[in-house]
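Here's the structure we're looking at; comments come further down.
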Amino acid sequence: MASSPSLSLLSAPRWKLSRRKLSSAVAAAIPQGKETVKTMPEFDFKGYMLSKAAAVNRALDLAVPLDEPRRIHEAMRYSLLAGGKRVRPILCIAACELAGGPEALAIPPALAVEMIHTMSLIHDDLPCMDDDDLRRGQPTCHRAFGEPLAVLAGDALLSLAFRILSDPKSYPSDLSPPPSRILRSISELARYVGSEGLVAGQVVDIESTGLSESVPIDRLEYIHLHKTAVLLEASVVLGAIIGGGSDPQVERLRRYARCIGLLFQVVDDILDVTKSSQELGKTAGKDLVSDKTTYPKLIGLEKSREFAEELNHEAKQQLEEFDREKAAPLVHLANYIAYRQK
């Protein structure tokens with residue numbers, strides 16, 4: 001069984017992963033099952049999530065009307081509006097507000113990230129990738145519309161994401177961010193999605209599936225940081241940039257997001273072996289059947305849970321220099337990701 005992963009890679013700049021061991025000081029600071037949320041100001045997390053998700057859903061609905069060709073727009077809307085937790089756009093909004101910007105300013109980048117996330121799910125479910133039949137409690141896009149339209153629906157969502165993010169008309173006229181912020185956001189998102197980010201993770205994941213030898217822990221971390229964590233990180237970073245965060249604030253939030261991004265995947269791996277398909281709304285046990293390397297497979301279920309606790313703690317440490325009340329949504333979002341049940 002592989003040794004437990006370290007957190008040092010999460011402090012490495014961008015995607016340059018460091019393999020230095022977790023320092024004893026940081027290790028000693030990790031609480032054993034204790035949460036800091038009780039020290040936070042009282043915060044209606046459920047109400048916050050519901051209100052932000054409702055705003056995102058309204059904007060998504062308006063962003064993809066049933067234009068001609070009708071069938072492609074039906075396929076786009078089928079996957080985009082199929083529900084989901086909207087964690088990524090809500091992270092974007094929360095980061096923007098923490099940086100000093102209003103919710104309305106964060107809606108365009110929030111929509112862009114959610115569209116790209118949906119594209120990645122459509123393509124990931126294809127027979128040539130993970131070959132899955134169920135997503136968000138309903139048949140996957142290629143099962144409902146056929147493979148050609150599913151591929152094209154994903155392509156169209158990717159294109160639309162950059163159109164919305166880059167168009168000054170997407171932002172309220174009285175709140176339009178400086179062009180430099182929009183350009184920086186476009187550059188960041190393009191890097192996160194391309195061969196240095198999301199695509200890189202998918203490629204290494206495919207190449208690592210079904211191997212006779214065990215996948216080393218550093219490769220597993222590479223896959224998850226690029227394939228899963230990358231869009232959570234993009235959500236937070238884009239929100240911070242558009243909201244007017246300083247460079248040090250953006251980098252601290254980048255580190256926070258990298259922690260919760262990896263945390264999201266570790267929890268996903270745990271849920272895949274502990275929950276049913278009905279509970280998850282997607283096919284459970286799929287990783288085991290396809291012989292994919294996961295954290296429970298590599299380091300065991302208990303050590304995976306311990307690593308999740310460490311990541312959650314490290315993420316919240318990155319928020320300590322921000323105003324506590326403004327940081328409350330991101331603190332609670334980290335806990336939500338850590339303790340979600342689906």
Side-chain angles (χ1 to χ4, degrees), residues 14-15 52-53 55-57 59-64 72-73 75-96 106-126 129-130 132 135-136 140-142 149-167 170-171 181-203 205 223-242 254 257-258 260-261 264-265 268 337:
R14 304 288 175 146
W15 299 110
K52 300 303 183 186
V56 169
N57 286 330
L60 288 171
D61 185 36
L62 293 172
V64 189
I72 186 63
H73 291 96
M76 294 165 67
R77 289 174 61 86
Y78 175 84
S79 294
L80 187 64
L81 304 179
K85 298 173 282 290
R86 305 303 187 205
V87 170
R88 289 157 191 83
I90 294 174
L91 280 167
C92 186
I93 293 170
C96 178
I107 290 296
L111 299 189
V113 173
E114 187 68 4
M115 288 176 179
I116 290 174
H117 172 56
T118 302
M119 173 277 294
S120 74
L121 299 181
I122 293 172
H123 287 180
D124 200 44
D125 290 335
L126 290 169
M129 295 288 190
D130 280 0
D132 222 330
R135 175 68 67 179
R136 290 175 174 170
T140 50
C141 189
H142 70 275
L149 268 180
V151 171
L152 293 171
D155 294 345
L157 286 169
L158 175 62
S159 174
L160 182 57
F162 280 99
R163 177 183 172 186
I164 289 174
L165 179 62
S166 62
D167 189 351
S170 299
Y171 303 86
R181 291 188 202 170
I182 296 177
L183 288 172
R184 183 180 176 188
S185 297
I186 294 169
S187 176
E188 289 274 3
L189 186 57
R191 181 178 60 81
Y192 280 126
V193 175
S195 60
E196 297 177 37
L198 181 63
V199 171
Q202 183 70 62
V203 168
D205 188 27
I223 291 168
H224 291 330
L225 279 170
H226 290 73
K227 186 178 176 181
T228 302
V230 67
L231 285 183
L232 287 140
E233 183 174 330
S235 303
V236 173
V237 170
L238 264 62
I241 290 171
I242 288 294
R254 192 192 301 275
R258 196 164 301 175
I260 65 165
F264 192 97
Q265 185 60 54
D268 228 35
I337 290 170

*First locate atom CE of Met76, then atom CG of Leu157, and finally report the distance between them rounded to the nearest 0.5 Å.*
4.5 Å
*Quick one: CG on Asp155 to CG on Leu160, what's the gap to the nearest 0.5 Å?*
12.5 Å
*What closest approach, in Å, do Arg86 and Leu81 show between heavy atoms, and which atom pair accounts for it?*
NH2-CA, 3.8 Å
*Does Thr140 use its side chain to pair, donor to acceptor, with the backbone of Asp132 at less than 3.5 Å?*
yes
*What distance separates Ile182 CD1 from Leu238 CG, expressed to the nearest 0.5 Å?*
11.0 Å
*asked:* Measuring only between side-chain heavy atoms, which start at C-beta, is Tyr192 closer than 4.5 Å to Val113?
replied: no
*Give the minimum heavy-atom separation between Ser79 and Cys141, together with the two atoms involved.*
OG-CB, 3.4 Å
*First locate atom CD of Gln202, then atom OG1 of Thr228, and finally report the distance between them rounded to the nearest 0.5 Å.*
9.5 Å
*asked:* Between Asn57 (side chain only) and Ala53 (backbone N and O only), is there a donor and an acceptor less than 3.5 Å apart?
replied: yes
*asked:* I need the minimum non-hydrogen distance between Ala200 and His226, along with the two atoms involved.
replied: CB-CD2, 4.1 Å
_Pairwise side-chain contact, Asp124 with Lys227, heavy-atom cut-off 4.5 Å (strictly under)_ = yes
*Where the side chain of Arg254 meets the backbone of Glu233, is there a donor-acceptor pair that is under 3.5 Å apart?*
no
_Heavy-atom pair of closest approach, residues Ala161 and Ile116_ = CB-CG1, 3.6 Å
*Rounded to the nearest 0.5 Å, what separation is found between the CD1 atom of Ile241 and the SG atom of Cys96?*
11.0 Å
*For the residue pair His123 and Val151, what are the closest heavy atoms and their distance?*
NE2-O, 3.2 Å
_Ser159 OG to Ile164 CD1 distance, which is reported to the nearest 0.5 Å_ = 10.0 Å
*asked:* Using the rule given for side chain to side chain contact (heavy atoms under 4.5 Å, CB included), can you reason through Ile107 versus Ile93, listing the C-alpha separation, both sets of side-chain angles and the distance that settles it, and then say yes or no?
replied: CA-CA 7 Å; Ile107 290 296; Ile93 293 170; 4.1 Å; yes
*asked:* The test is side chain to side chain contact (heavy atoms under 4.5 Å, CB included); show your working for Leu121 and His117 and say whether it passes.
replied: CA-CA 6 Å; Leu121 299 181; His117 172 56; 3.6 Å; yes
_Check ion pair Glu114-Arg88 (N to O, under 4.0 angstrom)_ = no
*Taking Ser235 for the side chain and Leu231 for the main chain, is one N or O donor matched with an acceptor at less than 3.5 Å?*
yes
*For the residue pair Ala112 and Leu165, what are the closest heavy atoms and their distance?*
CB-CB, 4.1 Å
*Take Leu111 and Leu60 through the test side chain to side chain contact (heavy atoms under 4.5 Å, CB included) and record every step on the way to the result.*
CA-CA 7 Å; Leu111 299 189; Leu60 288 171; 3.5 Å; yes
